[in-house]
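Heads up: the structure comes next, in structure tokens.
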Amino acid sequence: MDLQGRAVPSVDRLRVLLMLFHTMAQIMAEQEVENLSGLSTNPEKDIFVVRENGTTCLIAEFAAKFIVPYDVWASNYVDLITEQADIALTRGAEVKGRCGHSESELQVFWVDRAYALKMLFVKESHNTSKGPEATWRLSKVQFVYDSSEKTHFKDAVSAGKHTANSHHLSALVTPAGKSYECQAQQTISLASSDPQKMVTMILSAVHIQPFDIISDFVFSEEHKCPVDEREQLEETLPLILGLILGLVIVVTLAIYHVHHKMTANQVQIPRDRSQYKHMG
């Protein structure tokens, strides 16, 4: 009985140690992140990399701006008027992240953690007429902002920390194994804890891959957003039409030249019988 009594606490201690080891491993994995924004030629674009076990598991390049409405007192100190803060994600931001088989996360903090962005990605499998197909998407965005921060907010009435969340989000949908690329602007609406306020997140110059990265620091094949594909078609369509028109003109001129040469070589038979004496 005494041996059994000693064994139980030992098992409990072992479980606690295993849990601590697992927690420490998760924390260490979260710390394997890099901010490579200095490598970007676009001063408004940031580059973040999350690595686990020495391998890249998430790459994100994008420019982000948040339009945040907030209340201030009118000059009569009775009425409230709504102002707007434009908050851009700046270089040198602190970054954290984690990767999983079906769920990955990126967190970014800037201006002494007055602002924080969290992006959650999920990978899912769906049954289609062609069989099971896997895709990944951006499923949640959370933006935490401090309206007492003086750089962007001027005398906000409800000064303090507020949280803005997306609602039933399904954005950046991409086939599994590919990266998502979109140069065009995309907007995501976020409901703020500041009553009756909606924050607008504007993403641009996006290139993201949160799963299935094959080569270190290298994106897989791009899946372009519909807007970019449409703009690319609009850019190439005039060129294609110009080439077709040029080809039609060349063919028309060639046919005309051949026809003119053939008719010029034919002997013209005079209609006036008096002209027969000049022939032969």
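Predicted model, so just to flag it, every value in this text is computed and none were measured. The first residue in the sequence is number 1, and the count goes up from there.
Between F217 and R51, the shortest heavy-atom distance links the atoms CZ-NE, 3.5 Å. When every heavy atom of M198 is checked against every heavy atom of S189, the shortest pair comes out as CE-CB, 3.8 Å. Contact detail for F62 and L89: the closest heavy-atom pair is CE1-CD2, 3.6 Å. Heavy-atom minimum distance, P69 versus T82: CB-CG2, 3.9 Å. Among all heavy-atom pairs drawn from A88 and W110, the shortest one is O-NE1, 3.2 Å. A pairwise comparison of heavy atoms in Y145 and A164 identifies CE2-CB, 4.4 Å as the closest pair.
In summary, the aromatic rings of H207 and F219 are positioned with their centroids under 6.0 Å apart. Separation of the F153 and Y70 ring centroids falls under the 6.0 Å cut-off. A distance below 6.0 Å separates the ring centres of Y115 and H152.
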>> Assess the residue pair E124 and R137 against the criterion (salt bridge (charged side-chain N to carboxylate O under 4.0 Å, His left out)); give the C-alpha distance rounded to whole Å, side-chain angles, the decisive distance to 0.1 Å, and a yes or no.
In response: CA-CA 8 Å; E124 303 165 320; R137 62 185 173 90; 3.0 Å; yes
> Taking it one step at a time, do V111 and E149 satisfy side-chain contact (heavy atoms from CB on, under 4.5 Å)?
Replying inline: CA-CA 9 Å; V111 190; E149 194 271 319; 4.0 Å; yes
> Between I208 and L172, does a side-chain contact (heavy atoms from CB on, under 4.5 Å) hold up when you go through it step by step?
Replying inline: CA-CA 9 Å; I208 293 177; L172 320 187; 4.1 Å; yes
>> Evaluate K224 against Q183 for side-chain contact (heavy atoms from CB on, under 4.5 Å), listing each step before the verdict.
In response: CA-CA 9 Å; K224 292 187 178 293; Q183 296 302 313; over 6 Å; no
>> Let's go through H162 and S158 carefully: what are the C-alpha distance in whole Å and the side-chain angles of both, what is the deciding distance for side-chain contact (heavy atoms from CB on, under 4.5 Å) to 0.1 Å, and is it a yes or a no?
In response: CA-CA 9 Å; H162 297 283; S158 302; 4.2 Å; yes
>> Could you walk me through whether E44 and R91 satisfy the salt bridge (charged side-chain N to carboxylate O under 4.0 Å, His left out) test, starting with their C-alpha distance in whole Å, then the side-chain angles of each, then the deciding distance to 0.1 Å, before giving a yes or no?
In response: CA-CA 8 Å; E44 297 180 351; R91 288 193 170 185; over 6 Å; no
>> Go through it in stages, so that I can follow the logic: the residues are E222 and K178, the test is salt bridge (charged side-chain N to carboxylate O under 4.0 Å, His left out), and I'd like the CA-CA distance, side-chain angles, deciding distance and then a yes or no.
In response: CA-CA 6 Å; E222 299 87 0; K178 292 187 177 183; over 6 Å; no
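Grouping the Ile, Leu, Val, Met, Phe, Trp and Tyr side chains by contacts below 4.5 angstrom, directly or via other members, places I213 apart from F48. Criterion: ILVMFWY side-chain heavy atoms under 4.5 Å apart, direct or through other members. Under it, Y77 and V157 are part of a common hydrophobic cluster. Connection of F66 to I202 is not established within any shared hydrophobic cluster, with ILVMFWY side chains joined at heavy-atom distances below 4.5 Å, either directly or through further cluster members. Clustering ILVMFWY residues whenever any of their side-chain heavy atoms sit less than 4.5 angstrom apart, transitively, puts V68 in the very cluster that holds I81. By the criterion of side-chain heavy atoms lying less than 4.5 angstrom apart, applied directly or through intervening Ile, Leu, Val, Met, Phe, Trp or Tyr residues, V49 is not grouped with L106; the two fall into different hydrophobic clusters.
A salt bridge is absent between E105 and K96; no separation between the charged side-chain nitrogens and carboxylate oxygens falls under 4.0 Å. Taking the charged nitrogens against the carboxylate oxygens, E61 and K45 do have a contact shorter than 4.0 Å, which makes a salt bridge. Here R113 pairs with E94 in a salt bridge; the nearest charged N to carboxylate O distance falls below 4.0 Å.
The neighbour count for K65 NZ, taken as heavy atoms of other residues, nucleotides or ligands under 6.0 Å away, does not exceed 12. Q84 CD: more than 12 foreign heavy atoms inside a 6.0 Å radius.
D146 and S148 are linked by a side-chain donor-acceptor pair at a separation below 3.5 angstrom, with hydrogens and angles left out of the test. Using a 3.5 Å distance cut-off with no hydrogens or angles, the side chains of N42 and S40 do not pair a donor with an acceptor.
The structure places CD of E181 at 11.5 Å from CD of Q209, a figure rounded to the nearest 0.5 Å. Taken from CD1 in I59 to OG in S220, the straight-line distance is 8.0 Å, to the nearest 0.5 Å. The CD atom of E32 sits 13.0 Å away from atom CG of L58, with the distance rounded to the nearest 0.5 Å. To the nearest 0.5 angstrom, S139 atom OG is 7.0 Å from L169 atom CG. The CD1 atom of I188 lies 10.5 Å from the OG1 atom of T200; values are rounded to the nearest 0.5 Å.
The closest side-chain heavy-atom distance from L138 to L120 is not below 4.5 Å. In this structure, K140 and N165 have side chains that are in contact, with non-hydrogen atoms separated by less than 4.5 Å. A heavy-atom distance below 4.5 Å is not found between the side chains of Q185 and L203.
At least one donor-acceptor pair closer than 3.5 Å links the side chain of N35 to the backbone N or O of A93.
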